[in-house]
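Here the structure comes first, spelled out in C-alpha cells, and everything after it is commentary.
Here the structure is a predicted model, which means the values were calculated and not measured.
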Amino acid sequence: MSKSRGKHWFLLAGSAASSLAALILSACGPAGRQAPRMAASLAPVARAGGENCVLGSVPTALRNSQSVRGLPLDVFHRPEAGWEIYAPLVAHEIGTACDAASPAFAHDLAAWQFTHGLAPSGVMDPVTFMAMKVIWDARRPFVAASLKGCPNPPDQSRLALVPGTQSYGGKTMFLRPGALAAYERMLAAARAESPAVRADPRLMRVFSAFRSPADDDARCLAEGNCQGVVRANCSAHRTGLAMDLDLGTAPGSAIGSADDANRLFISRGPAYRWMVANAGRFGFVNYPFEPWHWEWTGEAP
C-alpha cells in the first residue's frame with residue numbers, strides 16, 4: 001500500500017526534541033557521543049536456557065499490561081489506543097522474546113531507555129514510542145531520500161517481473177532486480193525456517209510492488225484519498241524497492257486493509273513475527289504502521 005505515515009521527520013517540541021536528537025544521530029550514522037554507562041541494575045539479564053520472563057518488576061509489568069492496549073498514541077497521524085500492533089517490533093528493538101506484559105520485558109525496556117538517554121521507567125510511554133519510531137524511520141532510505149524531494153521512479157524497462165507463483169492472484173508486478181532476488185532468498189528462508197509459512201503457500205506472496213507515479217495519482221484521485229492513511233502522493237512503491245506481502249488477513253477484512261483489527265491480526269501471526277526477527281538478514285525493513293509493507297535497503301531509492 002502507499003505510504004503517508006512515517007515518511008517525514010517529526011518536529012518535536014520542548015524536552016522531547018532534545019531527548020531524541022541523539023537517537024537520530026545514532027540511527028543514521030556514528031554517534032556523536034558515547035552512551036552513558038548502564039547502571040548495574042539495568043544491565044541485560046543473562047537468562048540460562050532462554051529468557052526467564054518473570055524476572056523484573058511486577059508493578060512495572062502491570063503498567064505495561066494496561067498501556068499495551070490503552071496508551072493514547074498519535075504518531076502516524078491517526079489516533080490509536082495502545083501499542084499492541086507494534087509489540088513485536090518493540091520486543092525486537094529491545095532484544096527480548098518476552099511478552100509485553102512480563103517483568104522481563106519491562107526490565108529490558110528500561111535498559112533500552114537508559115541506553116538511549118531516556119528515563120529508565122521500564123514503561124512504554126509516548127516519548128519512548130516516538131524515540132523508537134525515529135529509529136525505525138531512519139532505517140528506511142526512502143525517508144531520508146524524501147527529505148530532498150520525492151524520488152524519481154526507475155526506468156520501468158529495467159525492472160524484473162515478479163514470478164506468478166510469488167504474486168497474489170498471479171498479478172503482473174515488477175521490482176528492481178536486486179530487491180526481487182533478495183525477496184526470493186528471504187522467501188526460501190522463511191519456508192525453510194517457519195512451519196507456518198511452509199504450510200501455507202499463500203503467505204509472503206507479493207500483492208503490491210512497483211507503482212508508477214501516474215498509477216498512484218490515478219488511484220488516489222479515483223478513491224478521493226491522496227494524502228491519507230492508505231494513499232500518499234509520494235509513495236515508496238514508486239522506487240521499485242517496496243513491496244506489500246500477504247502475511248495473513250483478518251476474517252472479514254480485505255488484504256492490505258488499514259483497519260486496526262486487520263493490522264493487529266497480522267501482527268499476531270507467525271509470518272509477520274518471522275519477518276520482524278529475520279527480514280533484516282536480507283536487507284528489508286518494515287514501515288511499522290503497515291505490517292505488510294517492507295522496503296529493501298540494498299539500493300538507493
Side-chain angles (χ1 to χ4, degrees), residues 1 3-6 10 12 16 19-20 45 51-114 116 118-137 196 228-230 247-277 286-294:
M1 303 297 289
K3 307 294 159 290
S4 62
R5 307 293 170 236
F10 285 86
L12 303 178
S19 296
L20 297 182
V45 176
E51 292 191 83
N52 184 345
C53 295
V54 301
L55 294 179
S57 168
V58 173
T60 306
L62 178 60
R63 292 176 64 187
N64 279 329
S65 72
Q66 296 167 340
S67 75
V68 73
R69 295 183 180 176
L71 180 71
L73 290 175
D74 191 357
V75 298
F76 295 102
H77 290 205
R78 186 171 97 179
E80 299 181 78
W83 47 279
E84 186 177 6
I85 290 169
Y86 310 100
L89 279 176
V90 173
H92 184 69
E93 189 67 38
I94 67 175
T96 184
C98 293
D99 183 84
S102 68
F105 183 98
H107 176 280
D108 292 342
L109 179 59
W112 188 93
Q113 289 168 322
F114 186 89
H116 291 81
L118 304 176
S121 66
V123 177
M124 178 60 74
D125 54 37
V127 171
T128 299
F129 191 88
M130 179 60 82
M132 290 190 180
K133 183 186 180 298
V134 168
I135 290 174
W136 296 333
D137 278 348
V229 171
V230 181
L247 304 179
T249 303
S253 295
I255 190 168
S257 168
D259 290 345
D260 289 348
N262 188 51
R263 295 164 57 233
L264 181 59
F265 179 89
I266 295 171
S267 74
R268 291 172 171 173
Y272 176 71
R273 291 178 181 243
W274 186 92
M275 289 288 293
V276 168
N286 181 223
Y287 165 55
F289 184 80
E290 296 182 348
W292 53 84
H293 178 94
W294 297 81

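By the salt bridge (Lys or Arg N to Asp or Glu O under 4.0 Å) test, Glu93 is found to be paired with Arg139, residues two or more places apart in sequence or in another chain being considered. With sequence neighbours left out, the ring-ring contact (aromatic ring centres under 6.0 Å, His included) criterion links Phe129 to Tyr86, Trp136. Thr128 meets the side chain to side chain donor-acceptor pair (under 3.5 Å) test with Gln113, Asp125; sequence neighbours excluded. For Ser253, the side-chain contact (heavy atoms from CB on, under 4.5 Å) partners two or more places apart in sequence, or in a different chain, are Thr249, Ala250, Ser257, Asn262. Partners of Val123 by side-chain contact (heavy atoms from CB on, under 4.5 Å), not counting sequence neighbours, listed by chain and number: Thr60, Arg63, Asn64, Ser121. Under the side chain to side chain donor-acceptor pair (under 3.5 Å) criterion, Trp83 pairs with Ser67, sequence neighbours left out. Every side-chain contact (heavy atoms from CB on, under 4.5 Å) that Ala196 has, sequence neighbours left out, goes to Ser194, Pro270. Considering only residues two or more places apart in sequence or on other chains, Asp260 meets the salt bridge (Lys or Arg N to Asp or Glu O under 4.0 Å) condition with Arg78, Arg263. With sequence neighbours excluded, the residues forming a side-chain contact (heavy atoms from CB on, under 4.5 Å) with Arg69 are Glu84, Arg268, listed by chain and number.
Of all heavy-atom pairs between Leu247 and Ala271, the closest is CD2-CB, 3.9 Å. Taking both residues in full, the closest heavy atoms of Gly256 and Trp292 are given as O-CZ2, 3.3 Å, listed atom of the first, atom of the second, then distance. Of all heavy-atom pairs spanning Leu89 and Pro288, the tightest one is CD1-CB, 3.7 Å. Across every non-hydrogen atom of Tyr272 and Ser267, the tightest pair is CD2-CA, 3.4 Å. Closest non-hydrogen pair, Met130 versus Val75, comes out as CE-CG1, 3.7 Å. In plain terms, the two heavy atoms of Ser65 and Ala101 that are nearest each other are CB-CB, 3.5 Å.
If you take CD on Glu80 and CD1 on Ile85, they are separated by 5.5 Å, rounding to the nearest 0.5 Å. Atom CZ of Phe105 and atom SG of Cys98 lie 9.5 Å apart (nearest 0.5 Å). To the nearest 0.5 Å, atoms CD1 (Ile94) and CE (Met124) are separated by 7.0 Å.
Taking the side chain as every heavy atom from C-beta outward, His107 and Leu55 never approach each other to under 4.5 Å. Side-chain contact between Leu118 and Trp112 is present, with at least one heavy-atom pair separated by less than 4.5 Å.
Counting only distance, with no hydrogens or angles, the side chain of Asn286 and the backbone of His293 share a donor-acceptor pair below 3.5 Å.
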